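Here is how names work: the chains are called A, B, and so on, in the same order as the sequence lines, proteins then strands, and each is numbered from 1. Worth knowing before you read on, the calculation uses all heavy atoms, side chains too, and leaves out hydrogens, waters and symmetry mates. Just so we're clear, the structure is a prediction, and the values are computed from it rather than from any experiment.
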Amino acid sequence: MANLTLVQAINLALVQEMEKDDRVIILGEDVGLNGGVFRVTEGLHKRFGGDRVVDSPLAESGIIGTSVGLAMAGLRPVPEIQFEGFLGPAYDQICTHAARMRTRTRGALTVPMTIRVPVGGGIHAPELHSDSPESIYTHTPGLKVVMPASPYDAKGLLISAIRDPDPVIYFEPKRIYRAFREEVPEDEYTIPIGKARVVAEGEEMTVISWGASVVQCMSAIEKSDRSIELIDLRTISPIDMETIETSVKKTGRVVIVHEAPKTCGVGAELSARIMEHCFLYLEAPVQRVTGFDTIMPYYKLELEYLPDTERISKAIDEVAVY
Amino acid sequence: MANLTLVQAINLALVQEMEKDDRVIILGEDVGLNGGVFRVTEGLHKRFGGDRVVDSPLAESGIIGTSVGLAMAGLRPVPEIQFEGFLGPAYDQICTHAARMRTRTRGALTVPMTIRVPVGGGIHAPELHSDSPESIYTHTPGLKVVMPASPYDAKGLLISAIRDPDPVIYFEPKRIYRAFREEVPEDEYTIPIGKARVVAEGEEMTVISWGASVVQCMSAIEKSDRSIELIDLRTISPIDMETIETSVKKTGRVVIVHEAPKTCGVGAELSARIMEHCFLYLEAPVQRVTGFDTIMPYYKLELEYLPDTERISKAIDEVAVY
Amino acid sequence: MPITKAFTTEIDYVSILDEHGNFDAQLGSDLISNDELVQLYEQMLTSRRFDEVAFKLQRSGRMGTYPQNMGQEATSLGAAFALEPHDWLVPCYRENTGLFHRGLPMEYILLHWMGDERGNQIPRELFMTPLAIPIGTQMLHATGLAWASKYRGESNIACTFFGDGATSEGDFHEAMNFAANLDIPVIFFCQNNHWAISVPGHIQCSAPTVAQRGVAYGMDCVQCDGNDIFAVTKVVKDAAQRARDNNRPTFIEAVTYRLGDHTTADDARRYRDEEEVEMWKTRDPMIRMRDHLKSLNLWNDSKEAAATEKAETLVAEAVKRAEEIAEQPVSEIFDSMYNTIDDPEMIRQRQTMRTSSIGQDPTQVESTEQVN
Amino acid sequence: MPITKAFTTEIDYVSILDEHGNFDAQLGSDLISNDELVQLYEQMLTSRRFDEVAFKLQRSGRMGTYPQNMGQEATSLGAAFALEPHDWLVPCYRENTGLFHRGLPMEYILLHWMGDERGNQIPRELFMTPLAIPIGTQMLHATGLAWASKYRGESNIACTFFGDGATSEGDFHEAMNFAANLDIPVIFFCQNNHWAISVPGHIQCSAPTVAQRGVAYGMDCVQCDGNDIFAVTKVVKDAAQRARDNNRPTFIEAVTYRLGDHTTADDARRYRDEEEVEMWKTRDPMIRMRDHLKSLNLWNDSKEAAATEKAETLVAEAVKRAEEIAEQPVSEIFDSMYNTIDDPEMIRQRQTMRTSSIGQDPTQVESTEQVN
Ligand SMILES: Cc1ncc(C[n+]2csc(CCOP(=O)(O)OP(=O)(O)O)c2C)c(N)n1
Ligand SMILES: Cc1ncc(C[n+]2csc(CCOP(=O)(O)OP(=O)(O)O)c2C)c(N)n1
Ligand SMILES: [Mg+2]
Ligand SMILES: [Mg+2]
């Protein structure tokens, strides 16, 4: 056991999977000598050499498109996209190719690749370094979408993602890269993709979130004197409705928290499904606390945009008394 | 008044706006001499010349990216993307630039452009010619998303889109390009962006749809002996909640129909909002009849994928007796 | 300091058997044996027959949109011939001739255009990716496939095919750039057939040659007569050697022409002159090949008749296999989505797809009065 | 037919004032007047001062990430000088010197990096787009802007700036290709500073020159010493003339070097050798320019001191204006999203953003017991 940050937990998972399986290779911008702009791949170039930790040209579509080829040939590429704002140029290769290859070839060709992407706001970064596009990829069949909210989960989920026979987008909430530490086992372990985590149990209400927002939810719940169940989705696609349903049938009240814009965000899907699965149990409308339907503002105003403890608390109170 | 197909109505709107305003120019693949692969721009090259109807290189990002520049300079480009499946390479220029330009420059630069895109399945087309990506762009703040379901609306909405000072994605449901004709006034008229159309009034249930699916909904409703209100969204972003809310508060029951995959589709947002706005009025969970959470299959199986009258009728019956 | 030269270059044009029947014996003599020549010609003939039949299938409603290969047979065929059987072929959609040469059963192509994904379920040992519908995107996959070979120290390389139009896409550039800078053993084979649907070549590339696209990357690049199977064979062999020996990619522009419409959905008379087509008909790679075979006394009319009949039979059998394939279970829409389908929502969608709308939770449906 | 030549080309390298002080009078004499030279040097000095101050603002927490221009002043400055005031400048983020020359008040750049969109609210008459954060995407906008000028018969052209890394992006290719094939009067100005963050130039382009990227499009292309303001001025003037006279684009590779870290978030010692940096310090465009001015008796130490003081004042004033700008109303997050904000949902989000969660319909909230 070591007390690790989320960045360190990811780095450890990468090291261990690369040691174990030489089909695993890393490629991306500045992932080599520089160890990534967030130092997530620190030390890997030295340890595994330039053939396995590859500084690529500055071209996101190229990074993902060649990874599709590498994966079809049987390797397990782990491409990094430097910031979620630069997924845009790779959108087509992700959604038109990686996501479709297995089904369009009826399994003849597959794409076991894990796309690592720092995600989300709150670090005073420049434009396009603070977005939350998880809904886009959740709406795209053929992908799995994962976002850890703690160092322990980060390691276990990344190992699962790398070993998964299908393409996984592994979002790394950069706001909590180094925000806190947690005991992380040295040995390898996996956390199943598709299973949410009940962070805290409670009776009166269910709060659902993922990524960095889980931390805000925890502090809002701490401040409240109600008995609140907190679910960290961990996997955004597929959605673990079983865990959600069990909780909502118990509590009858739900608040969903995410950073992405509200309209057509993942919160909408959760809300719709909760109605579909738990209609007769709901005592209040499912409430969403989200980013606004605006462009993520530059950093002077970013804290106005991001769901904060105050807004979450407010929602909890409103839902509680509905 | 002339009796026009949807293709003809669009063509007429283009001709009239180009006559009226020489800032309007068309660019795209095969839009010139060939008149577009669906013949939507037929005759325009001859009428307005190669400077205003431009066959571009085969590069979707280039088409949208140069259109952003043309628009910032004050023109009103109407780029065509040949099929919705080829929006992928243009995703970044649409979402990272066109959608953000006004707000990131606080209005100093704007992008009055209308992106025309044939959309949806049902025409026995090859791979990637039958998708429904409207949710992706509805989740993207800064865009407006429009999809007509009739020749009359097609003309009026396109004129509004071209005159709109902000970027609009104008989806053309290719399944009904020539499926039926309608009286379309010769004179120019506009249909406001952001306003839904109540196609049929009813008391017991609200069915909401857009694009080609509206036709399926009409036939399901015809077959039913219940009193059903049908709303054609017409504009998908922004959503006309006023019309929806009025209807749902009256009927208490809702079925939403769309071709796109279910998870994080626009149906999810509608369902979530209906719960938020009309919780105390709902007598049954909002029901979604959608494409599956799979890749749109090749055409042999496409009719299994697309919501059809049978599935819509089934949903109507289930919701009615809930 | 006066102005100096930072860079100079020149690009070769390779032609061995031209449209007048001139044959450059020095370049061409050891490239293709007589037996091989005959086989290649027969394969062209089969491919052209396939085109005819596919066209009719589309016209009679038995198949969807189909893009003919007619006029471009020498390009993909010469390339497939010049490569090893374990080299990856990464095609666009106008390379049937080469794919058939490699051993792809013809029904795969038919199934693809009949709207059946099983047309893409290509056996691994053929080292071939399925037809690529989105233009310009598959070169990156070829680059990745070749990269994987290099990474593993395997000897196979990749060759990817695409049109003149495809060279306008950003992904083309990124693939070329990755390959050149990371030393990846891949061949970029551009079939410059002068048109991208209705858009003429100079809108895609107004430079004197398309071949010079490769100069941007410091890549070896060459232009050849794409209707000359000798020239194609030579440039691909040379490229393959550079790739195998030094992990160097090559960009090939093969100059050819699309004799038919873009696809069965197209009517080329709307946008191109009949004279241009007529001129190119005289450069038809099959005529040239046949005349050459005859000049070598390897071919005559009775061989032509026999080969034609054989081609007809082969194609007819393939059509039969394609049309008589067992119906695809509807559940296939779901079954190949992931390695394992364990998401309960997806399982539920699969189970209820024909009998219920999909938004409803069945446990709730049961708890209320049922209709139907 | 033996193998023939399909294409030959050569690319010029232009240098006028080199790092040893050699000046090519024939090429350089009429380019920049003495008065202009002094002004340009003063502008470099101001820009470098701006870099220092911006760096300190970041380090003291008064500003976010900032990318220094240090070492590359001659490129954007020479280009802006060579162009007309109504030509579009479409920058990346390392062209402050040129933008200031055009007249952009320095606080705009500060505000941008202070996380304030008003730094992008650039007056129309400056003909300038804001800093571009996503690499490689702005060349298409420049192409569109120039296209619009051509369409309207206006005389202004566009010049877009980007780094060596940016030339790896697909959008770069598409922009170059649109411009070349559709005859659009735009100048593509690549600042090859040898690094893209930690990635060395040969990973972006392993060809002998970056300039030859232009060959792919049949575009005029040229390489110049980017630390030589005379050479930059000359190649941009020539390019502008081609654009204005014939709507022909030009690709320029200006060879330069990033003397500082990539940004304040970077530590270049992790990936590049100190010797390389030391070598390039001797080619610093400011040293070269100052020595040249001195050799012409246009400059001396007291002028340097006075100019330095003036620069300090100018920058300090800009910092003051940036830091003292009125707080941006929070509603600005919404207000510039569309020309008119009439979607009730958006209006509601704007109204309730600080006082309520946003999923709740206020009419329902009112109908239930309120907390707080
Ligand atoms: C990304 C993308 N954009 C547009 C299309 C529509 N389309 C299909 S084929 C074609 C022309 C292709 O031309 P070229 O690359 O020269 O190949 P050719 O058909 O001439 O062999 C176009 C525009 C597509 N399939 N994919
Ligand atoms: C599309 C995109 N991908 C990645 C990044 C992250 N990034 C910022 S600057 C940079 C390097 C740019 O190098 P170059 O184009 O040479 O410009 P320079 O900084 O050297 O002036 C990278 C990778 C980005 N901003 N945009
Ligand atoms: Mg072509
Ligand atoms: Mg650089």
What part of [X] lies closer than 4.5 angstrom to a heavy atom of chain D: side chain, backbone, both or neither?
X: C/F172; value: side chain
X: C/Q212; value: both
X: C/N177; value: side chain
X: C/A211; value: neither

For the backbone of D/D171 and the side chain of C/H173, can you confirm whether one donor and one acceptor N or O come within less than 3.5 Å of each other? no
For the candidates [options], which exhibits the highest count of non-hydrogen atom pairs separated by less than 4.5 Å from chain C?
options: D/G170, D/A180, D/C224; result: D/G170
options: D/P208, D/S168, D/A175; result: D/S168
options: D/M219, D/E10, D/Q26; result: D/E10
options: D/G214, D/G28, D/G218, D/A207; result: D/A207

Report the option among C/V14, C/T209, C/T9 that has the most heavy-atom pairs separated by less than 4.5 Å from atoms of chain D. C/T9
So if I apply the side chain to side chain contact (heavy atoms under 4.5 Å, CB included) rule between C/I3 and each of D/V222, D/D24, D/D12, which one comes out positive? D/D12
Closest heavy-atom pair and its distance - D/A216, C/A216: CB-CB, 3.9 Å
Using every non-hydrogen atom in the two residues, find where D/C205 and C/N181 come nearest and quote the distance to one decimal. N-ND2, 3.4 Å
Any side-chain heavy atom of D/T4 sitting closer than 4.5 Å to one from C/Q223? no
Non-hydrogen side-chain atoms of C/R213 and D/Y217 separated by less than 4.5 Å: yes
Measure the CG-OG distance between D/D183 and C/S206 for me, rounded to the nearest 0.5 Å. 7.0 Å
Can you name the residues that form a ring-ring contact (aromatic ring centres under 6.0 Å, His included) with C/H292, not counting sequence neighbours? C/F23, C/F230
Is D/Q204 close to chain C through its backbone or its side chain, or both, or neither, when contacts mean heavy atoms under 4.5 Å? backbone
Contacts under 3.5 angstrom, residues 195-203 of chain D side chains, donor-acceptor by atom type, not counting sequence neighbours:
from, atom 1, to, atom 2, distance (Å)
D/W195, NE1, D/E276, OE2, 2.7
D/S198, OG, A/D30, OD1, 2.7

CG (C/D30) with more than 12 external heavy atoms under 6.0 Å: no
